[in-house]
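Structure, as structure tokens:
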Protein chains: 2
Amino acid sequence: MQKALSPRAEVLLKALIERYISDGQPVGSRTLSKQPGLDLSPATIRNVMADLEELGFIRSPHTSAGRVPTPLGYRLFVDSLLTVRPLDSAEIYRLGDELSFDGDPKHLMESASSLLSQVTNLAGIVLVPRQEESFRQIEFLSLPGGNRVLVILVTHSGRVHNRVINVAHGYSAAELVEAANCFNERYSGRPFGDVRRSLLADLQEDGDAMQRAVKNATDMARQIFADDESSGPDVVVSGEANLLKVPDLGDVGRLRRLFETFSTKRDLLHLLDQSVHAESIQVFIGGESGYEVLDECSAVMAPYQVDGRIVGTLGVIGPTRMAYDHVISIVDVTARLLGGVLSAEVR
Amino acid sequence: MQKALSPRAEVLLKALIERYISDGQPVGSRTLSKQPGLDLSPATIRNVMADLEELGFIRSPHTSAGRVPTPLGYRLFVDSLLTVRPLDSAEIYRLGDELSFDGDPKHLMESASSLLSQVTNLAGIVLVPRQEESFRQIEFLSLPGGNRVLVILVTHSGRVHNRVINVAHGYSAAELVEAANCFNERYSGRPFGDVRRSLLADLQEDGDAMQRAVKNATDMARQIFADDESSGPDVVVSGEANLLKVPDLGDVGRLRRLFETFSTKRDLLHLLDQSVHAESIQVFIGGESGYEVLDECSAVMAPYQVDGRIVGTLGVIGPTRMAYDHVISIVDVTARLLGGVLSAEVR
DNA sequence: GTCTGGCACTCTGAATGCCTGAGTGCTAAA
DNA sequence: TTTAGCACTCAGGCATTCAGAGTGCCAGAC
């Protein structure tokens, strides 16, 4: 069944999809025959289109409409037909300009996401899987009022977490510093999972066997790490409002469910988890992902790396009918830029 | 013109608006005449409705439709006709249950906002005007890598800000602690504006006149405070997706602009600033606010206080046709609850 | 003076039918 | 293998019709 497409059929499919992407209307044989480059009569084109339809690459919404690409058609298109349009230097410059690091990685993610959404006019999305993180440094700060302590946790990638915890009795500043020092010496550089397991193991040992400082730190850190597990990886979505302009997603009910998916983030994470392990740019088309909310939607995602190590992934979500040639370039460049900014700052 | 409405007209207007809020259809005289409680013939009701229309409280979308309330009508309704429906204890319990403080005020705001949106099925909104904040404590933490310092700033209300700054040369841990101590002694308890001005003044003095530690701290803090001013107050909006289910806001173009307003937050802030100074619950109806995006929308906002001082405001945004009686109670209770949680934790 | 029943009038929205334009599939000829 | 021609189908625009809902106003009842 999956016999290789004839070169002519490929050219035709490519032309059809490009036309559909730019116009949004089903494409008929007459329209295509007028396309410069392929000199064929409408009738011939109809024959080829009939083949393409039989193979599942295109379909007609109804008898007397033109053809539109199916998800399978898009798949073939982005995988082997698409000619990616590289950005001109002005655009790259503009992208780089907008991405600045102010010390807070969360802000950086937000600006990357909103940058993506502005440039593509779609929804931007940036994901940082927290599993990969490793522990760098912890500090305890006593707060006025006696038995409350502010715990500051710095991860290897430079993220900072704060948490106020309640403790049984007050600690002196010196005690807190000592506790932090011990803890840092013991765990710095180890992945979170390690630290968490270690903390649980320490719980088993009898307290007296440990130094008092370490014990204090352990008690306090346990609250933090326990919480951290549940909070999972982080996603930033922005520019959802752009999707309201897209005529393809006209159905308000569908849009609503889509927005709900964005705001719960859980399903989104699950989907994007797949792209974290990919080496290069990935395109998810239509309901391929298994989420029926995302029928009619595509996602273009690229991993970004710090010092050669993939630390997250970023991209856009939009209608299946999007300008893949342009979007892919933008996502690609943005991923490199974000990786670059992070690499420069983290070392 | 604004002669007092006859009691009967008031009763009728109230019944009409209640009916319209629950049904969403223009209300005709026949429908109202069947309403238990007011025993009037349709014809009589028509006469009264004609008066109400002349006074601008209701209007008819077209000749043979019933009447719908105008913004002015809603105004009168919420101001003097509405009987607020108090929550039953189960509902209050449920609300209180969902609001828990985990040490991060940002999380608390987010959970309050999402709580509001879930319970009302509208968009929840929580605002913390940062102007009111005062400085409590600063700490400097040296990061591995030499000349980078993590600055942690704790405000009076318990908010924590992090920022990584680059410094000219490395500092020892002891130097940093000393700097922080000096700075805290000097400024703790003073409002941000004060501190900022003071920092600028110190810049004028010649460095040698100051203790070295204070000078270090001043240099670093200046970067933080300068930034902090620009970031302005904080808004959390959630549950926007709920507005997509509202049939009244069917116009996709309008919805899009509304969502853009939410995501830029600027206009929203400007609008809500007005409610910060109000003592009690406030209802903004339709385009009253001057923002034409918010035609067809109403906001119910209540300030919340910590230890008797108003620190922010919270509420919901939804269609003008919303169940005010219920929503007002929910917003009111949530504001008290949030105030309560904050008061308990901050002291 | 106030309320009510009745009646003519208006307007929306759904249903129907008609028509045109676009596009197809098939067949036969080049 | 390609092309031209032809019959066929269908969506969408347009006008028409029709029922239902609601109004305004008037004249009579209380």
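In what follows, every heavy atom counts, from backbone to side chain, and hydrogens, waters and symmetry copies are set aside.
- Close to dC10(D), at under 4.0 Å from its OP1 or OP2, lies no side-chain N or O of Ser64(A).
- Between Tyr74(A) and Tyr324(A), the ring planes are tilted. Angles from 30° to 60° get that label.
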Chi angles and distances behind the salt bridge (Lys or Arg N to Asp or Glu O under 4.0 Å) call for Glu18(B), Lys14(B): CA-CA 6 Å; Glu18(B) 280 169 353; Lys14(B) 179 168 185 242; 3.6 Å; yes

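- The residues Arg321(B) and Glu296(B) are annotated as not salt-bridged, no charged nitrogen and carboxylate oxygen being separated by less than 4.0 angstrom.
- In this structure, the NE2 atom of His62(B) is 10 Å from the P atom of dG22(D), given to the nearest Å.
- Put simply, CD1 on Ile45(B) is 10 Å from P on dT23(D), counting in whole angstrom units.
- Ser29(A) comes within 4.0 angstrom of the backbone, heavy atoms only, and of no base.
- Side-chain atoms of Thr63(B) and base atoms of dC11(C) include no donor and acceptor less than 3.5 Å apart.
- Summary of the strand contacts: Asn47(B) and Pro26(A) both lie near DNA chain C, and taking for each the nucleotide with the nearest heavy atom, the more 5' one is attributed to Asn47(B).
- Judged by atom type and distance alone, Arg30(B) does not reach the base of dG22(D) through any side-chain donor-acceptor pair under 3.5 Å.
- At whole-Å resolution of the value, CZ in Arg8(A) and P in dT1(D) are 9 Å apart.
- We find that CG of Asp23(B) is positioned 11 Å from P of dG22(D), with the value rounded to whole Å.
- When each of Ala43(B) and Ala65(B) is assigned the nucleotide of DNA chain D with its nearest heavy atom, Ala65(B) is the one assigned upstream, toward the 5' end.
- With rounding to whole Å, Arg59(A) atom CZ is found 16 Å from dG23(C) atom C1'.
- Residue Arg67(B) places at least one side-chain N or O under 4.0 Å from the OP1 or OP2 atom of dT23(D).
- For Thr44(B) and dC3(C), a side-chain-to-base donor-acceptor distance below 3.5 Å is absent, hydrogens and geometry of angles not being considered.
- One interatomic measurement links the two molecules: CE of Met49(B) to P of dG24(D), which rounds to 7 Å at whole-angstrom precision.
- Using a cut-off of 4.0 Å between Lys/Arg side-chain N and Asp/Glu carboxylate O, Arg256(B) and Glu260(B) are scored as salt-bridged.
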